[in-house]
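Convention: sequence-line order gives letters A, B, ...; per-chain numbering from 1.
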Number of protein chains: 4
Amino acid sequence: MPKIVDKDKRRSEIAHKAIEVLARKGFQSATIQDIADAAGVGKGTIYHYFKTKGEILMAVSGEIFREMERSLGAALLRMDEPEERLAALIQESLNITEELEHLYIIYTDLWLANLRGQGQGDFIAVITSLNDDLRKIVARMIEDGKRKGLWAEDIDADALAVYLITSFDGVVFHYMLDKKAFDIKHVTREFIRFFLRHAKA
Amino acid sequence: MPKIVDKDKRRSEIAHKAIEVLARKGFQSATIQDIADAAGVGKGTIYHYFKTKGEILMAVSGEIFREMERSLGAALLRMDEPEERLAALIQESLNITEELEHLYIIYTDLWLANLRGQGQGDFIAVITSLNDDLRKIVARMIEDGKRKGLWAEDIDADALAVYLITSFDGVVFHYMLDKKAFDIKHVTREFIRFFLRHAKA
Amino acid sequence: MPKIVDKDKRRSEIAHKAIEVLARKGFQSATIQDIADAAGVGKGTIYHYFKTKGEILMAVSGEIFREMERSLGAALLRMDEPEERLAALIQESLNITEELEHLYIIYTDLWLANLRGQGQGDFIAVITSLNDDLRKIVARMIEDGKRKGLWAEDIDADALAVYLITSFDGVVFHYMLDKKAFDIKHVTREFIRFFLRHAKA
Amino acid sequence: MPKIVDKDKRRSEIAHKAIEVLARKGFQSATIQDIADAAGVGKGTIYHYFKTKGEILMAVSGEIFREMERSLGAALLRMDEPEERLAALIQESLNITEELEHLYIIYTDLWLANLRGQGQGDFIAVITSLNDDLRKIVARMIEDGKRKGLWAEDIDADALAVYLITSFDGVVFHYMLDKKAFDIKHVTREFIRFFLRHAKA
DNA sequence: TATGAATGAGCTTTCATTCAT
DNA sequence: AATGAATGAAAGCTCATTCAT
């Protein structure tokens, strides 16, 4: 009998080890050899677990989506009051750990590839769906806030929700490019303060 | 030295014709042949104007920066009142023409390359400098607005300025990925309304 | 030594199961995995019975020769009269069953490999020896026929025998390439009629 | 201006130089590097003239068909009497020059590939068409011969023609495998004598 | 100056073979 | 004995770059 291996687990392990390389070199520049080296296996072994190079990216892409859902889910389910939940969401969305940074970079890579029709999976569909869900949740919070008197009645909750959730990527990307350019924690804190105090001023 | 002027002009022409290809295929996937075809010249001719493939991207990068400066400059210099100027800036920053879209995509490509240390020019320095200038201008406007009573005194103008100018890229990127996802004109309008009416509510 | 007998039997079984794959894909294109699948064993198991991929082909080659000898032997030993024996030989040589077709294709593969000096076993020696034997037998029949007045005295029995036995492969190969091109049974029958009625006309 | 090259001519040149390698190693075993070496060019250059490795084989295949048509055309158009034309045809079909031998081997390679559905072009269609034409011509000659009293009235000209033209490949293949096995010139001569003297005996 | 033919480094992918279990 | 996970050599193919014309 050969070595007994949980193929799915091993696949996931390799995908995980590939993250750092994919982030550092980019999908196109990263070679299978790079990925094999990072995973500590031979080049051929990669092909036991992934049919093509693109499939590795798809697997990593899955990890990213799972991570996104997890981190947002955590942020959303803790609080009761709409302003607290919104603050937590913004906080979480702009919270960049070293770990997450790699995922963010790969995520942008995927983004570009799909923008060009070079994507292989259903990236756009998943992103769109995630964003739609998130937009509805955020719009709901804003509506709740409006009802509580936090925001004026004529605020377009849906449009504002869209702006909010799409803006996060911009802030994060700028921060990643040059971390000395600004203090993201401070900016986040101040923005939350600004955003939540809107109606009270 | 008319020769040199001529050569620079031709360089710029080729760079301009390369934009569409670079946006559509991405820097790595676009071949010199693609670029030569787009420019209507032979492959060898490209090398009379650019030493390497990377140099083409640098030239295009220059075009992008010039375009960014031009469009922002236009937005900033027209109005007198801080709220009008801010509205114009947001408007302009979120105004995506077909032409600009190509530049945006290449800009993201460059962004990623530099995020990875694969960039060849002074992209980060230029972006940082542009953003610094812009941040100062926007912070100034917010301060002016605070003085006019538009925003509360304890608003951190600098932090808010950072959020504002970095948020644009996020909104634009999301919009480009799926234009059916939301109506960017409407979102922009509503966000401006929200942002500027902060203190009045 | 029952072990060895067992092993030989298993070898032969695997070789037999490999025939269909080798015929369908060709020796070079057929992978060990293909052969293992066809034999219903694991890839590693193949190497318990064959040192290399080439050895599998050699084993199959042996099967082919055994089959050739068997089918010709059957044809040759039944009749008494030379013309009957010749007719039976031609008949048998041009009789293509589905089963035999696979062997024929592999046989051609082997042929080509040996034509190029890429053969590993004693294919050429065996073929030459088989053909020599057959040629002698056929020449003998023709001589017998000449004596019986079937063919003219000045017919070169040996040369004609060579033509006859080498012609079979050509007819069969053409037929296999496009079975709709001609009715091999009819052609065989007519050729036998022509060949045997030579002197009577 | 770059070196001016007649692309079609160069293509043909490379295809010609590839013949020897393809015959010696076989299509699958011959590497692009082998072919490039034989042509005295770099590996990349091959791809200026052929999109894929298969395309090289197709080009060579074209050469083979042209050669077949040429040699048969020559044989067929010289004589007037049916028996002379048939004799010339058989002669030509069994006449193996060193040059032709390479083509024959490649032809068999193609044959096998197409037998397996691995062929890329219209090999089967071309072969079938060539053989059909040839069969008609030969059948015509035999009919003419019958009318002249060379062969008995009840000979099936069509079936005999099929046997004749398909048998040649068998004779040639056997000869190529082991040239010491028989004297093909002698066999050819004797077979012609046998075939043409049928009715006279 | 303009060109594209020529090139080989470097990529992804396949697969015979080995070997730990 | 039986297995399939692991491997790297080797293949086809691409493309930035050079250079003769």
Side-chain angles (χ1 to χ4, degrees), chain A residues 1-7 10-11 14 28-36 39-56, chain B residues 3 6-7 10 27-37 39-56, chain C residues 3 6-7 10 27-37 39-56, chain D residues 1-7 10-11 14 28-36 39-56:
Chain A
M1 294 275 183
K3 206 191 291 187
I4 285 163
V5 173
D6 181 336
K7 264 209 156 189
R10 198 94 175 73
R11 232 183 100 95
I14 292 175
Q28 302 224 40
S29 295
T31 67
I32 295 289
Q33 187 66 66
D34 289 333
I35 292 167
V41 298
K43 203 168 16 136
T45 305
I46 298 294
Y47 286 91
H48 273 280
Y49 297 97
F50 303 94
K51 261 203 287 293
T52 64
K53 192 187 176 190
E55 219 170 65
I56 304 172
Chain B
K3 284 279 173 182
D6 244 24
K7 219 174 178 183
R10 199 98 174 73
F27 176 65
Q28 303 225 42
S29 295
T31 66
I32 294 287
Q33 187 66 66
D34 289 332
I35 292 165
D37 289 349
V41 299
K43 200 171 15 149
T45 306
I46 298 292
Y47 284 87
H48 277 281
Y49 297 98
F50 304 93
K51 255 206 289 295
T52 65
K53 194 186 174 191
E55 226 172 58
I56 302 171
Chain C
K3 284 279 173 183
D6 245 25
K7 219 174 178 183
R10 200 98 174 73
F27 175 66
Q28 303 227 38
S29 295
T31 67
I32 294 286
Q33 186 66 67
D34 288 332
I35 292 165
D37 289 349
V41 299
K43 201 170 17 145
T45 306
I46 299 291
Y47 284 87
H48 279 280
Y49 297 98
F50 304 93
K51 254 206 293 294
T52 65
K53 193 185 175 193
E55 227 171 57
I56 302 171
Chain D
M1 295 274 184
K3 206 191 289 188
I4 286 163
V5 172
D6 181 335
K7 264 210 155 188
R10 198 94 175 73
R11 233 183 99 94
I14 292 174
Q28 302 224 42
S29 295
T31 67
I32 294 290
Q33 188 64 66
D34 288 333
I35 292 167
V41 299
K43 202 171 18 140
T45 306
I46 298 295
Y47 287 90
H48 272 281
Y49 298 98
F50 304 93
K51 260 202 288 293
T52 63
K53 193 186 175 191
E55 220 171 66
I56 302 172

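- Across all strands, Ala30(C) comes closer than 4.0 Å only to sugar-phosphate atoms, never to a base (heavy-atom distances).
- Not a single donor-acceptor pair, N or O on each side, falls under 3.5 Å between the base of dA5(F) and the side chain of His48(A).
- Side-chain atoms of Lys7(A) stay outside donor-acceptor range of the base of dG4(F), with no qualifying N/O pair under 3.5 Å.
- Note on Thr45(B): a base of the nucleic acid sits closer than 4.0 angstrom, heavy atoms only.
- Here dA11(F) sits opposite dT12(E) as a Watson-Crick or G-U wobble pair (both hydrogen-bonding atom distances under 3.5 Å).
- No donor-acceptor contact under 3.5 Å links the side chain of Lys43(A) to the base of dT12(E).
- In this structure, the CD1 atom of Ile56(D) is 10 Å from the C1' atom of dG12(F), given to the nearest Å.
- Each of Thr52(A) and Thr31(C) has a nearest nucleotide on DNA chain E; the 5'-most of these lies closest to Thr52(A).
- Between the CZ atom in Phe27(C) and the CD1 atom in Ile56(C) there is a gap of 7.0 Å [rounded to 0.5 Å].
- Taking only side-chain nitrogens and oxygens, Arg10(A) comes nearer than 4.0 Å to OP1 or OP2 of dA6(F).
- The nucleotide whose nearest atom lies closest to any side-chain atom of Tyr47(B) is, among dA16(F), dT13(E), dG12(F), dA16(F).
- Between the side chain of Lys53(B) and the base of dT17(F) there is no donor-acceptor pair of N/O atoms closer than 3.5 Å.
- Between Lys51(B) atom NZ and dA16(F) atom C1' the separation is 15 Å, expressed in whole Å.
- Val41(C) places a side-chain heavy atom less than 4.5 Å from the side chain of Arg10(C).
- Minimum heavy-atom separation, Ala30(A) to Lys53(A): O-NZ, 2.8 Å.
- If you measure from atom CD of Gln28(C) to atom P of dA10(F), you get 15 Å, rounded to the nearest angstrom.
- Mapped onto DNA chain F by nearest heavy atom, Gly44(A) and Ser29(B) fall at different nucleotides, with Gly44(A) at the one closer to the 5' end.
- A distance of 11.0 Å separates NZ in Lys43(D) from OG1 in Thr45(D), rounded to the nearest 0.5 Å.
- Searching all strands for a Watson-Crick or G-U wobble partner of dA6(E) with both distances below 3.5 Å returns dT17(F).
- At whole-Å resolution of the value, CD1 in Ile35(B) and P in dC15(F) are 12 Å apart.
- Checked by atom type and distance alone, the side chain of Asp37(B) never pairs as donor or acceptor with a backbone atom of Asp34(B) at under 3.5 Å.
- Distance CZ (Phe50(D)) to C1' (dA6(E)): 15 Å, rounded to an integer number of Å.
- The separation between Asp37(B) atom CG and dT3(E) atom P is 12 Å, rounded to whole Å.
- Of the inter-residue distances, the one linking Ile32(C) atom CD1 with Thr52(C) atom OG1 reads 8.0 Å to the nearest 0.5 angstrom.
- One interatomic measurement links the two molecules: CD of Gln33(A) to C1' of dC11(E), which rounds to 11 Å at whole-angstrom precision.
- Distances were taken from every side-chain heavy atom of Tyr49(A) (C-beta onward) to each of dT3(F), dA5(E), dA5(F); the shortest belongs to dA5(F).
- Residue Ile32(C) contributes atom CD1, which lies 13 Å from atom C1' of dT18(E) at whole-angstrom precision.
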